[in-house]
Amino acid sequence: MRPSDASTLRRTRRWLVSYPRAVPVAIFVFIAAITALSVWAIERGEQAAEQARLAKTAQAIASALDRRGNTTSSYLRAGAALFATLDGVEAPVFRRFVTELRLDADYRGAEGIGWAEHLTASEIIAFEQRVQAAQSGVNSVTPYPPSDRDNIVPVTYLQPDTQRNRRALGFDMWSDSTRRIAMQEAVRAVRPTASGKVILKQEGSGDANGFLVFMPVFQTGTRDLKGFIYSPFSAQDFLDSVVIAENIGDLGVQLYEGSAQPTNLLASVPPATATGWYSTVEFRLASRPMIVQVEFAQGSALSFLSMMTLLFGLAVASLSMLVARLLTQQAYEDQASLDYFTEQNLIRNSLTRELNHRVKNTLANVLSIVSLTRRRASNLDDFADGLDGRIRALSATHDLLTESEWGTTPICDVVGTEMAPYSDNGDTTLVMDGPSVELAPGDALSLGLAIHELATNASKYGALSQHGGKVSVTWSLVEDNLARIEWVESGGPPVSQTRKRGFGTELIEKIVAHELQHPVELEFAVDGVRCQMDVPVRKPSAFALRAHQKGGVVTEGSAAQIDNILAGPRTH
């Protein structure tokens, strides 16, 4: 592996370990953002394609409506040319004309073709009589015009002859302003002209929107207006006929007269879902401006491709987050294992150093005990007995420390271990009492040596050497970090005041006092030996193995210190 690759791997692992939750979430957010951007791009493309389709559909509908308007205009022009040559338009002639047209499918949406004769007020009565005689259904001109009006255009004929169309017969179209404006424009331009939005008389009490296309008819060779041939349209039927033919699906379509205002709406086909997205096309129907709007029906729902992209992206993001989480967990566990092995190595090193210190400490103590015992022994047996007892005391205390894994050791256990050989002696009394106090390993070792020396002296020369003797060992906490142990003998033989100082005295007053870091008060009273020792009570953190502190463990310099202590005067 190249150094750069190893460095990258370490950085990646560090990120995974340092941010075990943030890294998977960041990966998920990153992939989700890419997915959202992709969906947005797809939707933009889909919208552009849909806009193109809407524009194409709107243009197709506008063209179809325009074609139907042109067809109507052609029929009306043909009728105008025919009727201009006749002296009068009779009902049979008009009926035959409409029949001969054979109106095809392109004429759907129209109510038919009608004829409206141009009259003056003085001609109304003769008109009503003539029309009533020719066909039933026309009673009078409505609304009846004022006598001074010169232009009256009542509906004279309307084919096909249906009950619906008969409602319009006799209606004076000039009386309606919308129809009148369209007829005036048709006369001026002499071409088919569509009206604005009206309610056809065929609707009766209904309110469906409609419009009409007028074509003026003049006397041949003059500008004398004979009347209008026209075609009424139901706007909704007119639009539906085109929409059905174009098969627009779920799109919406609106047809407006003039501008695309709600008041100008002629007809509409609602979309499956209203979206407000339109494509607009303007065209002219029989010289009148019209607008077709096609509305997109998909709405805010995502397209199939966008939905698949979104689902796939979220799946990939979730899977990537899961994989990243597993990697971070693995990296975290690997780091924890590495930390554990590092810690174990440190503990092993500390244990090795600790063992080295304790072995040196023990050897230093043993050497000192051997040296001083040899100096105080008068023969080999005394030397062997003294050395055996002291090493056994040292071993017993070590056993206690080993059982506690070199942690804290209660005072009662230390005292009880050293006094165990004398507890079953029925001739003497042994009292041990005090609260539960835990000592550090080094302090427990020093206390054990002191108690052993005191007990050995008591068994040879003091209260434990004769019937009725009593030894009392009590302890108490004088401070939070200091315990006081008191040894009191009574009932034994009188203590000689001229005796020589022995090894036990040297051990207690020098070595033990030095290790406990507090002076030891040892009194050889006539009625019995008394000893008071102050032992520090340390917190476990002060002597923990990994704290690398002395904490009661004799370091490499301790042996030299002991030798210096023992090198002093042996007697007083």
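Hydrogens, waters and symmetry mates are skipped; everything else that's a heavy atom, side chains included, is used. If you read the sequence from its start, that first residue is 1, and numbering goes on from there.
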Please report the shortest heavy-atom distance between [X] and [Y], naming the atom on each side.
{"X": "V242", "Y": "A64", "value": "CG1-CB, 3.4 Å"}
{"X": "I31", "Y": "S320", "value": "CD1-OG, 3.3 Å"}
{"X": "A62", "Y": "V281", "value": "CB-CG1, 3.7 Å"}
{"X": "I411", "Y": "A483", "value": "CD1-CB, 4.1 Å"}
{"X": "A260", "Y": "Q293", "value": "CB-NE2, 3.9 Å"}
{"X": "L314", "Y": "F28", "value": "O-CE1, 4.5 Å"}

Side chain to side chain contact (heavy atoms under 4.5 Å, CB included) partner of R530, the single match among E489, E521, E523: E523

Of V471, L522, V473, L464, the residue whose pairing with L454 passes side chain to side chain contact (heavy atoms under 4.5 Å, CB included): L522

NZ/K470: more than 12 non-hydrogen atoms of other groups inside 6.0 Å: no

E282 atom CD, over 12 foreign heavy atoms within 6.0 Å: no

Does the side chain of [X] come under 3.5 Å of the side chain of [Y] through a donor N or O and an acceptor N or O?
{"X": "T408", "Y": "E438", "answer": "yes"}
{"X": "N457", "Y": "E453", "answer": "no"}
{"X": "N264", "Y": "S259", "answer": "yes"}

Output yes when a side-chain donor or acceptor of [X] lies under 3.5 Å from a complementary backbone atom of [Y], and no otherwise.
{"X": "K197", "Y": "Y256", "answer": "no"}
{"X": "Q532", "Y": "W487", "answer": "no"}
{"X": "Q466", "Y": "G491", "answer": "yes"}
{"X": "S268", "Y": "Q254", "answer": "no"}
{"X": "N209", "Y": "L265", "answer": "yes"}
{"X": "S459", "Y": "T456", "answer": "yes"}

State the [atom1]-[atom2] distance between [X] and [Y], to the nearest 0.5 angstrom.
{"X": "N481", "Y": "R538", "atom1": "CG", "atom2": "CZ", "value": "9.5 Å"}
{"X": "L477", "Y": "L482", "atom1": "CG", "atom2": "CG", "value": "8.5 Å"}
{"X": "T280", "Y": "Q59", "atom1": "OG1", "atom2": "CD", "value": "12.0 Å"}
{"X": "L65", "Y": "F283", "atom1": "CG", "atom2": "CZ", "value": "4.5 Å"}
{"X": "D433", "Y": "W475", "atom1": "CG", "atom2": "CH2", "value": "6.5 Å"}
{"X": "T417", "Y": "H452", "atom1": "OG1", "atom2": "NE2", "value": "13.0 Å"}

Min side-chain heavy-atom separation [X]-[Y] under 4.5 Å:
{"X": "D527", "Y": "S490", "result": "no"}
{"X": "V537", "Y": "D480", "result": "no"}
{"X": "L239", "Y": "L255", "result": "yes"}
{"X": "P271", "Y": "L251", "result": "no"}
{"X": "I34", "Y": "F30", "result": "yes"}
{"X": "Q236", "Y": "D240", "result": "yes"}
{"X": "L266", "Y": "E257", "result": "yes"}
{"X": "I451", "Y": "M533", "result": "yes"}

Qualifying residue, where the test is side chain to side chain donor-acceptor pair (under 3.5 Å) with D534 and the options are H518, R484, Q517: R484

V39/T309 under side-chain contact (heavy atoms from CB on, under 4.5 Å): CA gap, chis, key distance, verdict: CA-CA 7 Å; V39 170; T309 302; 4.2 Å; yes

